[in-house]
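In what follows, a structure is listed as structure tokens, so that the remarks can point back to it.
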Amino acid sequence: MHSSPKKDVLVMKFGGTSVGSIDSLRQAAEIVAKGVKEWRHVAVVVSAMTGITDALLTSATAAGNGNDRIYRASIDDILKRHLDVIAGLIDEGESRAELESQVTQFVQELRAYCHSIHVLGEVTPRGLDTIAPLGERMNARIFAALLQQMGVSSRAVDASGLIVTDNNFTNAAPLLDLTRARVKNILVPLMEQDITPVVTGFAGATESGITTTLGRGGSDYTAAILADCLDADEVWTWTDVDGVMTADPRIVPEARVIPELSFSEVGELAYFGAKVLHPKTIRPIIERGIPLWVKNTFNPDFIGTRISRQFQRPPGILTAITTIRSLSIVNVEGRGMLGVPGIAARTFGAVARQKASVLMISQSSSEQSICFVIPTASAAQVIRSVEDEVTLELMRGDIDRVWAKDKVEIVTVIGSGMRETPGVSARIFGALGKAGINVIAIAMGSSEFSISLVVASRDANKAVRAIHAEVIEKAAV
Ligand code: ADP
Ligand code: ASP
Ligand code: MG
């Protein structure tokens with residue numbers, strides 16, 4: 001790439017709501033056109049239109065369950081939505097006809113996949129990954145055609161030819177060296193010809209070319225991986241809110257935009273459920289220190305949130321509150337556990353064998369119970385696996401039972417400013433006490449960046465609002 005040290009390469013990513021309708025696609029394209037004037041090179045990453053990835057996955061699962069009416073209707077909707085958008089955006093002519101035929105072709109592929117799934121009666125993770133990125137593949141073509149119509153030279157690029165991943169289908173990890181080489185061979189030459197590539201978010205492929213995905217919400221991650229490989233100066237992710245906020249604005253109407261965040265804060269925030277950025281997004285750009293901005297497509301002049309390596313939060317300031325939903329808390333308990341060596345290690349070994357992700361752990365100091373939080377979807381199999389592991393202890397009565405409480409959520413309060421600041425937890429628990437909310441378990445990140453609490457799902461939104469009012473709104477006045 002050019003050797004000019006500044007404002008050379010910008011990677012822009014547009015989320016589903018930013019490219020999910022005729023008006024929003026137009027708005028997003030205007031933003032790119034402006035970016036192209038101000039930056040030497042712009043690479044664009046697009047998501048599928050809002051709801052399309054869900055619709056694709058619904059089609060595949062419905063086909064697998066033998067629900068042919070549902071999957072056929074869902075496919076018809078997907079086709080209609082794309083054709084309507086094309087008709088509303090692209091002038092009649094050759095390029096519109098070509099686009100329509102490409103989209104129809106993709107939907108034809110989708111029908112064929114779903115038909116095979118229907119016949120086989122099951123859908124594998126690999127099958128899901130072939131189907132899930134079709135929304136991005138169609139939308140990248142629409143977006144590139146729109147840019148081209150506006151006079152911005154542009155081309156759609158499938159990430160399956162760029163982002164090389166392992167074969168962990170539905171949650172693949174990028175292989176950066178191989179990806180870097182592909183980016184250099186495919187993307188850089190386009191950009192050097194002043195063609196703005198529109199890359200499909202979310203998708204990748206194994207070295208042998210089998211399509212994979214980076215996990216739901218993975219288009220943010222795609223943008224960061226490309227930024228790393230292109231040695232970009234900045235990444236801007238465009239979404240439908242003004243930036244990263246102090247809480248999910250759908251839960252807390254008083255939530256405010258956070259002007260600046262450190263890489264570690266945003267990592268913690270995304271990990272603990274703030275949907276605004278995929279949790280792995282900052283990984284590829286941390287080492288290079290590439291700043292990332294979160295901006296609002298529908299309020300493009302607003303500055304948004306800046307996320308950078310340098311930022312240091314002043315002591316005492318808390319940044320945000322997040323929640324993770326659909327969880328279960330598993331308890332392994334019994335008085336005889338006291339002194340049974342290795343019980344924790346064996347328990348977590350049994351959990352790991354089920355590939356369940358443990359989101360939080362706590363052990364009572366009397367060693368009478370171990371409890372940990374996992375997604376409800378894996379609770380039943382995890383309990384069985386732990387029971388198998390401790391069969392002997394259960395028989396002897398050293399362990400009384402292994403059981404799960406469903407319908408719980410983790411509420412996490414995040415902020416590097418809480419480090420060495422006394423009284424933070426007292427204020428949090430005071431606020432919860434006043435609101436009459438029962439706390440089931442507590443854990444503090446050893447980095448002292450966060451405190452997590454487990455509460456019943458029915459209390460979670462109330463808990464977030466109570467903590468927000470106490471530790472964020474009060475601090476502002
Ligand atoms: P995109 O399609 O642009 O990737 P997402 O729906 O994945 O958008 O993420 C943006 C949404 O995340 C916002 O509309 C907002 O409702 C939700 N959200 C949850 N927590 C936060 C937060 N802390 N800050 C900002 N948005 C949040
Ligand atoms: N379209 C994908 C999803 O809905 C990826 C993304 O939007 O980031 O999960
Ligand atoms: Mg997202």
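As the structure is a computational prediction, the values presented were derived from the model and not from experiment. Whatever order the structure lists them in is the order used to number ligands and atoms, beginning at 1.
Every protein residue with a heavy atom nearer than 4.0 Å to ligand 2 is included here: S47, T53, E136, F202, R216, G217, G218, S219.
Ring planes of F14 and W238: parallel class, angle under 30° (limits at 30 and 60°).
Closest protein heavy atom to atom 24 (N) of ligand 1: M245 N, 2.8 Å. Among protein heavy atoms, the minimum distance from atom 6 (O) of ligand 1 is reached at K275 NZ, 3.1 Å. Of all protein heavy atoms, the one closest to atom 16 (O) of ligand 1 is R250 NE, 3.0 Å. In terms of protein heavy-atom proximity, atom 25 (C) of ligand 1 is nearest to G243 O, 3.4 Å. In terms of protein heavy-atom proximity, atom 11 (C) of ligand 1 is nearest to D240 OD1, 4.1 Å.
Residue S18 has no N or O atom closer than 3.5 Å to an N or O atom of ligand 1. Between G16 and ligand 1, at least one N/O pair is under 3.5 Å apart. Taking only nitrogen or oxygen atoms, main chain and side chain alike, K13 reaches within less than 3.5 Å of ligand 1. In terms of polar-atom proximity, defined here as any N/O pair under 3.5 Å, A274 makes no such contact with ligand 1. Ligand 1 has an N or O atom lying under 3.5 Å from an N or O atom of T239, backbone or side chain.
Considering V266, L277, V276 only, the shortest heavy-atom separation from atom 26 (N) of ligand 1 involves V276. Comparing heavy-atom distances from atom 27 (C) of ligand 1 across P249, G15, A320, G218 singles out P249 as nearest.
How far CG of L432 is from OG of S425: 11.5 Å, rounded to the nearest 0.5 Å.
No side-chain donor-acceptor contact under 3.5 Å links T124 and R126. The closest side-chain donor-acceptor pair between T17 and T50, if any, does not fall under 3.5 angstrom. Between the side chains of H468 and E473, at least one donor N or O sits under 3.5 Å from an acceptor N or O. Donor-acceptor pairing under 3.5 Å is recorded for the side chains of S328 and D406. T213 and D129 share a side-chain donor-acceptor pair at under 3.5 Å. Checked by atom type, the side-chain pair Q27/T297 shows no donor-acceptor distance below 3.5 Å.
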key: Step-by-step side-chain hydrogen bond (donor to acceptor under 3.5 Å, both in side chains) determination, D242 to N299   = CA-CA 7 Å; D242 272 342; N299 186 14; 3.0 Å; yes

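At least one side-chain heavy atom of L292 sits less than 4.5 Å from a side-chain heavy atom of L277.
Using a cutoff of 4.0 Å between basic side-chain nitrogens and carboxylate oxygens, D177 and R180 are scored as salt-bridged. For D248 and K275, the salt-bridge test fails: no basic side-chain N is under 4.0 Å from an acidic carboxylate O.
Applying the 4.0 Å criterion to heavy atoms of V244 picks out, from ligand 1, the atoms 24 (N).
For D248, heavy-atom contacts with ligand 1 shorter than 4.0 Å involve the backbone as well as the side chain.
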Let me have the donor-acceptor pairs involving side chains of residues 195-204, under 3.5 Å, with sequence neighbours excluded, atom names and distances please.
unit_1 : atom_1 : unit_2 : atom_2 : d
T200   : OG1    : A159   : N      : 2.9

